[in-house]
Amino acid sequence: MSLMRQQMDEAINFLRTRTTTEPAIGIILGTGLGGLVTEIGIETVIDYQEIPHFPLSTVESHQGKLIFGTLGSKKVVVMQGRFHYYEGYTMQQITFPVRVMKLLGIRTLLISNAAGGMNPAFSRGDVMLISDHINLLGDNPLIGPNDDLLGPRFPDMSEPYSRKLIAIAEQVSAELNISVQKGVFVAVTGPNLETRAEYKFLRSIGADAVGMSTVPECIVAVHMSIDVLGISIITDECVPETLQPFSHVDVIEAATTAEPKLTAIMKETIRRL
Ligand code: HPA
């Protein structure tokens with residue numbers, strides 16, 4: 001048995017002592033985007049630090065809790081707080097919770113993040129459904145021995161974000177009167193925000209939004225045949241000619257302001273699954 005599989009089993013065995021919930025849907029909530037939790041009928045809350053082999057979130061704005069409960073009539077497991085490459089974790093550590101959620105039974109994963117908008121048509125506070133991604137992290141969570149029981153050595157990436165889920169989210173947004181953008185997300189390591197030259201480059205290679213997360217989790221989910229819906233909240237406008245200084249506090253503020261739109265879309269999308 002692979003070391004990762006062993007660690008997954010240890011995490012699962014622990015979680016099974018704390019909850020009998022069998023979630024069908026996993027949710028990862030990004031920076032300033034924790035509001036969905038208030039909509040959940042909470043059954044069990046477990047601190048990451050209690051779970052074997054879970055890393056600890058080092059970002060102050062991120063809480064570190066795994067929440068089990070129901071949203072509408074659906075059983076869900078929610079990561080309140082996620083891990084980033086810039087915190088110094090390996091890609092395998094960052095994505096370990098996704099592996100564990102798969103063993104818990106999830107077939108669908110919703111991922112949210114705060115992102116910089118490079119498409120000039122995007123404004124601060126916009127919601128962007130992720131249609132595709134570019135991995136510029138310079139690393140990949142699937143590097144190393146492949147566990148064939150989890151997924152293939154060379155996973156297909158022709159549809160990392162489920163077209164079906166995107167279509168549902170678009171339909172839901174229209175019905176809720178929330179305008180949404182759609183576009184390509186590029187992941188960079190951070191932790192610094194980008195230079196003007198970098199934004200120009202990232203835009204030129206076809207990206208609409210940039211952030212420091214989501215891509216590792218998506219890759220690992222696709223590896224294990226989990227359907228992914230990715231949603232970015234645009235927290236800053238990253239057009240080189242008009243770029244303004246921007247801080248992490250601004251990111252959190254913008255995300256928090258736009259968050260109700262995200263919660264509404266996620267809640268209603270999940271109801272229709
Ligand atoms: N760059 C990278 N990550 C981000 C940004 C950005 O401009 N805004 C929010 N997350």
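If you read the sequence from its start, that first residue is 1, and numbering goes on from there. Read the numbers this way: they start at 1 and go in the same order the structure lists the ligands and their atoms.
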(Q) If I take atom CD1 from residue I67 and atom CD1 from residue I46, how far apart are they, to the nearest 0.5 angstrom? (A) 10.5 Å
Q: Write out the residue and atom name of the closest protein heavy atom to atom 9 (C) of ligand 1, then the distance separating them to 0.1 Å.
A: T235 OG1, 3.3 Å
Q. Which heavy atom in P160 sits nearest to a heavy atom in C218, and how many Å separate them?
A. O-SG, 3.7 Å
**Q.** Closest protein heavy atom to atom 10 (N) of ligand 1, given as residue, atom name and distance to 0.1 Å
**A.** A114 O, 3.4 Å
Q: Quick one: look up the protein heavy atom nearest atom 1 (N) of ligand 1 and list residue, atom name and how far away it is.
A: E194 OE1, 2.5 Å
Q. Are T263 and E259 linked by a side-chain donor-acceptor pair shorter than 3.5 Å?
A. yes
Q: Run the numbers for me: atoms of ligand 1, each under 4.0 Å from some heavy atom of C238, listed by number.
A: 7 (O)
(Q) Tell me the protein heavy atom at minimum distance from atom 7 (O) of ligand 1, and give that distance in Å. (A) Y199 OH, 2.7 Å
Q: For ligand 1, note which part of D236 has a heavy atom under 4.0 Å away: side chain, backbone, both or neither.
A: side chain
Q: Kindly say whether R124 contributes a backbone atom to a donor-acceptor pair with the side chain of E237 at under 3.5 angstrom?
A: yes
Q) Are P216 and L137 side-chain neighbours, meaning at least one heavy-atom pair lies under 4.5 Å? A) yes
Q: Give a yes-or-no answer on whether the side chains of D227 and T108 include a donor-acceptor pair shorter than 3.5 Å.
A: no
Q | Which residue and heavy atom of the protein sit nearest atom 4 (C) of ligand 1, plus the separation | A | V210 O, 3.6 Å
Q: Determine yes or no for a side-chain-to-main-chain donor-acceptor pair under 3.5 angstrom, with K182 supplying the side chain and I166 the backbone.
A: no
Q.
Within the structure, is a non-hydrogen atom of F246 found at a distance of less than 4.0 Å from ligand 1?
A. no
Q. So which heavy atom in the protein is nearest atom 5 (C) of ligand 1, and how far is it from that ligand atom?
A. G116 N, 3.4 Å
Q: Could you walk me through whether Y48 and F83 pass ring pair (Phe, Tyr, Trp, His ring centres under 6.0 Å), step by step?
A: CA-CA 11 Å; Y48 290 161; F83 307 105; 5.3 Å; yes
Q | Interfacing atoms of ligand 1 (cut-off 4.0 Å, heavy-atom, M212) | A | 2 (C), 3 (N)
Q) Is the closest heavy-atom distance from G190 to ligand 1 below 4.0 Å? A) no
